[in-house]
Number of protein chains: 2
Amino acid sequence: MTRGAAQQTAHHTHNHKVCIEDALTTARDLCAERGVQLTPLREKVLQIVWRSHKPVGAYEVLDELARSHKSARPPTVYRALDFLMAEGLIHKIQSLNAYLGCVEAGAPHSGLFLICRKCGATEEIADPKLDAALDQASKRARFRSERRVVEISGLCAQCAA
Amino acid sequence: MTRGAAQQTAHHTHNHKVCIEDALTTARDLCAERGVQLTPLREKVLQIVWRSHKPVGAYEVLDELARSHKSARPPTVYRALDFLMAEGLIHKIQSLNAYLGCVEAGAPHSGLFLICRKCGATEEIADPKLDAALDQASKRARFRSERRVVEISGLCAQCAA
DNA sequence: GAAGCTGATGCTACACTATAACAAAGGCCC
DNA sequence: GGGCCTTTGTTATAGTGTAGCATCAGCTTC
Ligand SMILES: [Zn+2]
Ligand SMILES: [Zn+2]
Ligand SMILES: [Zn+2]
Ligand SMILES: [Zn+2]
C-alpha cells in the first residue's frame, strides 16, 4: 500500500484530489496487471464514485455521467459499477443502496464501514479482530462464508461533537 | 429466553410449527407489556414472515397476505413490517431486501446473520466477541455507533456437504 | 480482406422495492 | 357530541435494478 493519502479517514477536511488520483492510479495499475479493461467509461464512473467519501447512488452517478456522456442509461451505470465491484475497486453499501470507492483496492479484503447518518461520510476500516470473530462464528456454525457485509451507522467524530 | 425451540438453528428439518407459535406468543406478550397494538393485520404479517427461516420479500408477504385480506397494498405491508421492526420482532436482511423473524425478540440485540445462497436458510447468531470487536473498532474511530448490519453469505452446513 | 469471435456499449422496455399524501374508520377521553 | 390519536384504506408515484437484443470495435484465422 503506497497510497498514503487514500488511507486518510473520512475527515471533513483533507486534500481529496490526492484520494482521487491515488484511486485512479491504483485502478489503472490493477486492471493492467489483470488484463481487464478499465475503459474511459468505467474510469469516469470510478471518478464519479470517488467525488467524495460519501456513498453515491447509482442514479446520482447516472445524472453526473450523463453530463459528459449523453447516451448513458441505467444499464450503462450498473454495468460499470458491477465491473468495478468485481475488480474490488468499489464497494456497495447495502444499507444505503449506494456505492463507495475502496481504499484498499488490490488487497482482497472485507471491510467494516462506519456510516455517518448526519454528514454521510463513510469510512472503511480493516480490522483483524473483526475478521477473526466472523471466521470463528462461521466455523462454529459450520457455515462456509463467501461474502460479508458489515456496516455500522451512527455519528462520526465531527458530527457527534 | 424461555423459547427453546425458536433458538434452534435453521436446520433443514425441525418442527417449525413450534418456532411460529413461540414467535407469536412472544410477540403478543411483548406488545402487551409495551402497550402497543399487535393488531390482527400485524400478527398475520408476522406469521407470514415466520413461514420459514428464509428471509421473505415485502411483495411475497403482500401476495400471501392478499389471499385473506383483499384490501392489502404495498403500504399495508410496509407499515406492518416497519412496526414489527420497530418492536424488534423481525429484522431486515439488507443484502437481500427481505425480512426475517427475530429469534431473540425482546432482548435488544444486533445479530449476525448467516445466509445460505443455495437454500436461503438464514440463521441469526448472537456473538459477544463480534460485539466487542465492533464496539472496539467504533471507539477507536471515535464513531458513535447506532445501528449495525452484519451479514455473511455463503453455504450452510447442509448445502456445503 | 472476409468471416468469425469476443468484450464493451447502446437502447428499449420492464421488474422489483419502497414511499408520499390524503381519506376513512375506530377507540378513547372529556 | 367533539376532539384527539392510532390504524387502515387508497391512489399514485418515486427509487433501484435487470432482461434482452442490437451494434460496434478489436482481434484472429483462414
Ligand atoms: Zn478524500
Ligand atoms: Zn458525520
Ligand atoms: Zn423453524
Ligand atoms: Zn443451505
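Only a predicted model underlies this, so the values are computations on that prediction, with no experimental measurement involved. So you know, we letter chains A, B, ... as the sequences are listed, proteins then strands, and number each from 1. Computation of the quantities below employed the complete heavy-atom set of this structure, encompassing side-chain atoms and omitting hydrogens, waters and symmetry-equivalent molecules.
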Open item on the list: Of the listed nucleotides (D:dG9, D:dT18, C:dT17), which one gets closest to any side-chain atom of A:Pro74?
Closed with: D:dT18

Open item on the list: Rounding to an integer number of Å, can you tell me how far B:Glu43 CD sits from D:dT7 P?
Closed with: 15 Å

Open item on the list: Nearest whole Å is fine: how far is D:dT16 C1' from A:Tyr99 OH?
Closed with: 8 Å

- [ ] Could you state the atom-to-atom distance from CZ of A:Arg73 to P of D:dT23 in whole Å?
- [x] 16 Å

Open item on the list: Using OP1 and OP2 only, check whether a side-chain N or O of A:His69 sits under 4.0 Å from C:dT9.
Closed with: no

- [ ] Considering just the side-chain nitrogens and oxygens of B:Thr39, establish if one lies under 4.0 Å of OP1 or OP2 belonging to D:dT7.
- [x] no

Open item on the list: By the 4.0 Å heavy-atom rule, please label B:Lys92 as base, sugar-phosphate, or nothing.
Closed with: sugar-phosphate

TODO: Please state how far atom OH in A:Tyr78 lies from atom C1' in C:dT12, giving the value in whole angstrom units.
DONE: 17 Å

Open item on the list: If the threshold is 4.0 Å, N to carboxylate O, is there a salt bridge linking B:Arg42 and B:Asp82?
Closed with: no

TODO: State plainly whether one hydrophobic cluster holds both B:Phe143 and A:Leu112, where clusters connect Ile, Leu, Val, Met, Phe, Trp and Tyr through side-chain heavy atoms under 4.5 angstrom apart.
DONE: yes

TODO: Give the rounded distance in Å between these two atoms: CD of A:Gln37 and P of C:dT9.
DONE: 8 Å

TODO: Take the protein atom NZ of B:Lys44 and the nucleotide atom P of D:dT8, then report the distance between them rounded to whole Å.
DONE: 15 Å

Task: Modelled atom types, side-chain donor and acceptor of A:Glu151 and A:Ser95, under 3.5 Å - done: yes

Open item on the list: Between B:Glu124 and B:His91, is there a side-chain donor-acceptor contact under 3.5 Å, judged purely by atom types and distance?
Closed with: yes

TODO: Would you kindly give the CG-to-C1' distance between B:Leu62 and D:dT11, to the nearest whole Å?
DONE: 15 Å

Task: Of the listed nucleotides D:dA19, D:dG17, D:dT7, the one nearest the side chain of A:Pro75 - done: D:dA19

TODO: Report yes if a side-chain nitrogen or oxygen of A:Asn97 is closer than 4.0 Å to either non-bridging phosphate oxygen (OP1 or OP2) of D:dG17; otherwise report no.
DONE: yes

Open item on the list: Let's test your reading of the model: under 3.5 Å, does the base of C:dG10 pair with the side chain of A:Arg79 as donor and acceptor?
Closed with: yes

TODO: Evaluate whether the aromatic ring of B:Tyr59 and the six-membered ring of the C:dT17 base sit under 5.5 Å apart, centre to centre, with an inclination under 30°.
DONE: yes

Open item on the list: From CD of A:Glu60 over to C1' of D:dA14, roughly how many Å is that when rounded to an integer?
Closed with: 14 Å

Open item on the list: Under a 3.5 Å distance rule, please check whether B:His16 uses its side chain to pair with a backbone N or O of B:Trp50 as donor and acceptor.
Closed with: yes

